[in-house]
Amino acid sequence: MRILGIESSCDETALALLSDDTGALVVEKSIVLSQIATHEKYGGVVPEVAAREHLQAIFPMLKKEIPHDGAGIDVIAVTSGPGLVAALRVGVETAKTLAWAWKKPLVAVNHMEGHVYAAFVGAEPRFPTLCLLVSGGHTELIVMRGHGQFERIGETLDDAAGEAFDKVANMLGLGYPGGPKLSKLAEQGHPTAFAFPRALLDRDDYNFSFAGLKTAVLYTLRKNPEANLANIAASFQEAVVDVLVQKTMRAAASVRPASIILAGGVSANVVLRERLKQAGEAAGIPVFVPAFAYSMDNAAMIASAGYFRAQDPANFVDPLTLAADPNLELGGRM
Ligand code: KG4
Ligand code: ZN
């Protein structure tokens, strides 16, 4: 089976081709066109601008990369939510048009499910698996007992981890996109220079909170205008990683998963990747992290999730009625 994946939920226009022809699921092609240069000057993603850029990019990309008659493609997978509705619509309407014209089945993919399935590209995490899903809009602990089964056992009560990275990066004057810039600066700082708070570690649930940490950084900056910014970045990152890893391992002790998956844009953070792998190793649980290319938004992860959904034709959706859903819940109806 060869599957075309299309992603346009935020500020990357992406398409990918995955195939299982050799026995394993392999990425034949993954193209990501980032809009960072456009949104940088606004300090964040402007939804209408993002949608316009997707519109300009998507058909030239398809024309260049994909056979015009859809030859060799068996299924089309597209992100239908969550995300920016105007941006999502570009991918959804394009996928519907192709599915209708080529007479190919269409599968709708939840963007967050896509992030999880990035870990299934070139690897086979065993079930039950415990997923730490950390992105710009989500911070969740999810137990998967099988494909397509998502049980959320914890989530952030306020900011998502990626959002905290972005906001603190902003306070440090680093601009957009904040996460990668902050973690780069943190490489030159001391992670123990500032003792920032680790919220909710005393509670025995699996929820997170990053709003207090963000405020603590703000007050520290106000009180010490001369503070070394690399030290602040490193200490902030340390606090986030500490909480994410501790809570995940605590959940692992009770869920006893066969594997742990780290996914979402924040999984590109090198310190988080290393720390969770070490913790997993110490507990005897293999940790699966997507390759860097599939950590941030991309379409290979959408094609991967679509591939597993397409194993059951009951998951095919009608190309004439699929609608983008900006608030689509993981495991919800599509
Ligand atoms: O998954 P993603 O690309 O988009 C969403 O679905 O939200 O995640 C983007 C988020 C942003 O908040 C970004 O700052 C964060 O992932 N991020 C990072 C790093 N790279 C991206 N956060 C920390 N360290 C990084 N290296
Ligand atoms: Zn994402």
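Order of appearance sets the numbers: ligands from 1, and atoms from 1 within every ligand. Note that the structure is a prediction, hence the values are computed from the model and not measured.
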For the rings on Phe288 and Phe120, is their centre-to-centre separation under 6.0 Å?
no
Do Thr139 and Glu163 come close enough that some side-chain heavy atom pair is under 4.5 Å?
no
So for ligand 1, is Met296 a polar contact partner (N or O within less than 3.5 Å, distance only)?
no
for atom 8 (O) of ligand 1, nearest protein heavy atom and its distance come out as Gly265 CA, 3.3 Å
Flag yes if Tyr117 and Val287 sit in one hydrophobic cluster, no otherwise; membership is Ile, Leu, Val, Met, Phe, Trp, Tyr, and two members link when side-chain heavy atoms are under 4.5 Å apart.
no
Just need the protein heavy atom nearest to atom 6 (O) of ligand 1, so name the residue and atom and give the distance.
His111 NE2, 3.1 Å
Purely on distance, is any nitrogen or oxygen of Gly178 under 3.5 Å from one on ligand 1?
no
Let's go through His54 and Ser8 carefully: what are the C-alpha distance in whole Å and the side-chain angles of both, what is the deciding distance for side-chain hydrogen bond (donor to acceptor under 3.5 Å, both in side chains) to 0.1 Å, and is it a yes or a no?
CA-CA 7 Å; His54 286 308; Ser8 72; 4.8 Å; no
Nearest protein heavy atom to atom 9 (C) of ligand 1, by residue and atom, and its distance?
Gly136 N, 3.9 Å
Any nitrogen or oxygen of His115, side chain or backbone, less than 3.5 Å from one on ligand 1?
yes
Mind running side-chain hydrogen bond (donor to acceptor under 3.5 Å, both in side chains) on Ser254 and Tyr206 for me, showing each step along the way?
CA-CA 11 Å; Ser254 123; Tyr206 306 125; 3.2 Å; yes
Do any nitrogen or oxygen atoms of Gly179 lie less than 3.5 angstrom from nitrogen or oxygen atoms of ligand 1?
yes
Residue, atom and distance of the protein heavy atom nearest atom 24 (N) of ligand 1 read Asn269 ND2, 3.0 Å
State the atoms of ligand 1, each with its element, that fall below the 4.0 Å cut-off from a heavy-atom position in Gly137.
7 (O)
Do any N or O atoms from the side chain of Thr215 and from the backbone of Ala211 form a donor-acceptor pair under 3.5 angstrom?
yes
With respect to the Zn ion (ligand 2), please indicate if Cys10 possesses an N, O or S atom at a distance under 2.8 Å.
no
Pair Asp205-Lys247, salt bridge (charged side-chain N to carboxylate O under 4.0 Å, His left out): steps then yes or no
CA-CA 8 Å; Asp205 59 22; Lys247 285 251 163 169; 3.3 Å; yes
Starting from atom 2 (P) of ligand 1, what is the nearest protein heavy atom, named by residue and atom, and what distance separates them?
Asp297 OD1, 3.3 Å
If the Zn ion (ligand 2) is the vertex, what is the angle to NE2 of His115 and OD1 of Asp297, rounded to 10 degrees?
100°
For atom 15 (C) of ligand 1, which of the options Val241, Leu133, Val266, Val168 provides the nearest non-hydrogen atom?
Val266
Nearest protein heavy-atom contact for atom 11 (C) of ligand 1: which residue, which atom, what distance?
Asp166 OD2, 3.5 Å
Top protein contact for atom 26 (N) of ligand 1, by heavy-atom distance
Ser183 OG, 3.2 Å
Hey, are the side chains of Tyr307 and Met1 touching, using non-hydrogen atoms and a 4.5 Å cut-off?
yes
Contact check, side chains of Glu155 and Asn207, non-hydrogen atoms, under 4.5 Å:
yes
Note, Trp100 side chain near Lys104 side chain (heavy atom, < 4.5 Å)
no
Sub-4.0 Å heavy-atom approach of Pro177 to ligand 1:
no
Heavy-atom distance under 4.5 Å between the side chains of Val134 and Val240, does that happen here?
no
Is the contact between Pro180 and ligand 1 made by the side chain, the backbone, both, or neither, using heavy atoms and a 4.0 Å cut-off?
both
Just distances here: any N/O of Gly162 and N/O of ligand 1 closer than 3.5 Å?
yes
